[in-house]
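Following: one structure in structure tokens, then a few remarks.
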Amino acid sequence: MTMLDTRRFLQIAGLTVAGLLLAACGKKEEAPAPAPAPVASAPAPARVVVVGTDAAYAPFESQNEKGEIVGFDIEVVQAIAAKAGIEVKFVNTPWEGIFNALGQGDRDMVVSAVTITDERKQTMDFSNPYFDAQQLIAVKENSKVTKFADLKKLKVGVQTGTTGDEAVTKLQGKTSTNIKRFESTPLALKELESGGVDAVVADNGVVIHYVANNPGGKFKTVADAEFVPEQYGIALKKGNTELLDKVNQGLAAIKADGTYDQIYAKYFGQAPAKAADAPAPAASK
Ligand code: ARG
């Protein structure tokens with residue numbers, strides 16, 4: 001082939017390819033019109049926000065008979081999400097790995113009755129507080145315990161790595177062998193029922209719920225004003241301010257329009273304490 005021939009050949013070849021492409025396109029256009037697809041013009045739907053929760057913590061988060069994750073925290077986050085225009089999906093996540101999962105990006109948020117503490121604030125961000133809590137002691141009905149200090153030398157069950165664990169560790173000392181740590185709070189309470197521990201220290205809401213629902217366990221609760229007030233917040237990965245802002249806006253909106261109060265009343269039967277509206281004060285640690 002001469003130089004000219006080659007060019008001509010390429011031109012023709014090019015035209016042929018273009019023609020084939022046109023034909024292909026034309027064919028596509030002739031095909032029966034597919035159902036209107038608004039997705040094509042609408043912006044891509046936002047990514048689902050994955051929410052980790054240790055669903056063994058009724059009434060805040062637990063699994064119902066169908067295996068669905070339900071509870072106060074869940075409804076609060078669902079309501080926040082509706083206001084903030086985000087889509088959330090709850091994933092049951094063991095407490096012990098829950099903050100790692102957040103740090104690694106396996107979860108976008110954690111709602112798990114998480115107490116806002118200064119120590120946790122170093123490694124994660126928190127929403128504004130959404131619930132006031134305090135530690136509460138569970139003992140058997142016949143127990144002589146009347147205050148937290150009485151637990152100094154007793155066997156005490158806690159859920160590992162919770163604020164209850166922190167409180168008892170502080171009371172008994174880091175090296176105490178009388179602190180029995182459990183993977184979940186219900187497991188600690190079962191141990192109390194069977195006599196393996198003398199007391200359990202855990203969040204008041206969960207202790208009250210458990211005691212009320214297990215009359216056969218013959219428990220009673222002991223409150224102590226020595227326990228520092230705690231507040232729950234939704235935890236996010238440090239620096240995820242975009243999502244944090246949305247969550248805080250959603251939270252403010254559900255508090256303003258009565259949705260929060262409705263959810264609160266459904267689970268706790270009384271108006272929420274107004275302190276939960278205030279910005280986070282110094283946390284327990
Ligand atoms: N409020 C306590 C804490 O932050 C206990 C939370 C445990 N939550 C749970 N879903 N197991 O340490």
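Sequence positions, counted from 1, serve as the residue numbers for this chain. Note that the coordinates shown come from a computational prediction; the quantities given were computed from them, not determined experimentally. Read the numbers this way: they start at 1 and go in the same order the structure lists the ligands and their atoms.
For ligand 1, the polar-atom distance check finds an N/O of Asp203 within less than 3.5 Å of one of the ligand's N/O atoms. Annotation: Glu61 places an N or O atom under 3.5 Å from an N or O atom of ligand 1; distance criterion only. Ligand 1 has an N or O atom lying under 3.5 Å from an N or O atom of Gln159, backbone or side chain. Any N or O atom pair closer than 3.5 Å counts here, and Ala113 shares at least one such pair with ligand 1. Geometrically, ligand 1 and Thr115 share a nitrogen or oxygen pair separated by less than 3.5 Å.
Under a cut-off of 6.0 angstrom, the local environment of CD in Gln63 is crowded, with over 12 non-hydrogen atoms contributed by other residues, nucleotides or ligands.
The aromatic rings of Phe72 and Phe268 sit perpendicular, their planes meeting at an angle over 60°, well past the 30° parallel limit.
Aromatic rings from Tyr264 and Tyr130 are positioned such that their centres are separated by 6.0 Å or more.
Listed by atom number, the atoms of ligand 1 under 4.0 Å from Val114 heavy atoms are 4 (O).
Residue contacts with ligand 1 for Arg120 involve side-chain atoms from C-beta outward but no N, CA, C or O (heavy atoms, distance under 4.0 Å). Within the 4.0 Å heavy-atom criterion, the part of Tyr232 lying near ligand 1 is the side chain and not the backbone.
Considering only non-hydrogen protein atoms, atom 7 (C) of ligand 1 sits nearest to Tyr57 CZ, 3.5 Å. Protein heavy atom at the shortest distance from atom 11 (N) of ligand 1 is Asp54 OD2, 2.7 Å. Looking only at heavy atoms of the protein, atom 10 (N) of ligand 1 is closest to Ser112 OG, 2.8 Å.
Under a 3.5 Å cut-off, the side chain of Asn204 and the backbone N or O of Leu136 do not form any donor-acceptor pair.
In summary, of the residues considered (Val49, Leu244, Val50, Asp125), a side-chain contact (heavy atoms from CB on, under 4.5 Å) with Met109 occurs for Val49 alone. The one candidate from Leu154, Thr163, Val156 that meets the side-chain contact (heavy atoms from CB on, under 4.5 Å) condition with Val168 is Val156.
Pairs passing the side-chain hydrogen bond (donor to acceptor under 3.5 Å, both in side chains) check and including a residue from residues 211-221, sequence neighbours excluded, read His209-Asn213.
In this structure, OG1 on Thr53 lies 6.0 Å from CD1 on Ile98, to the nearest 0.5 angstrom.
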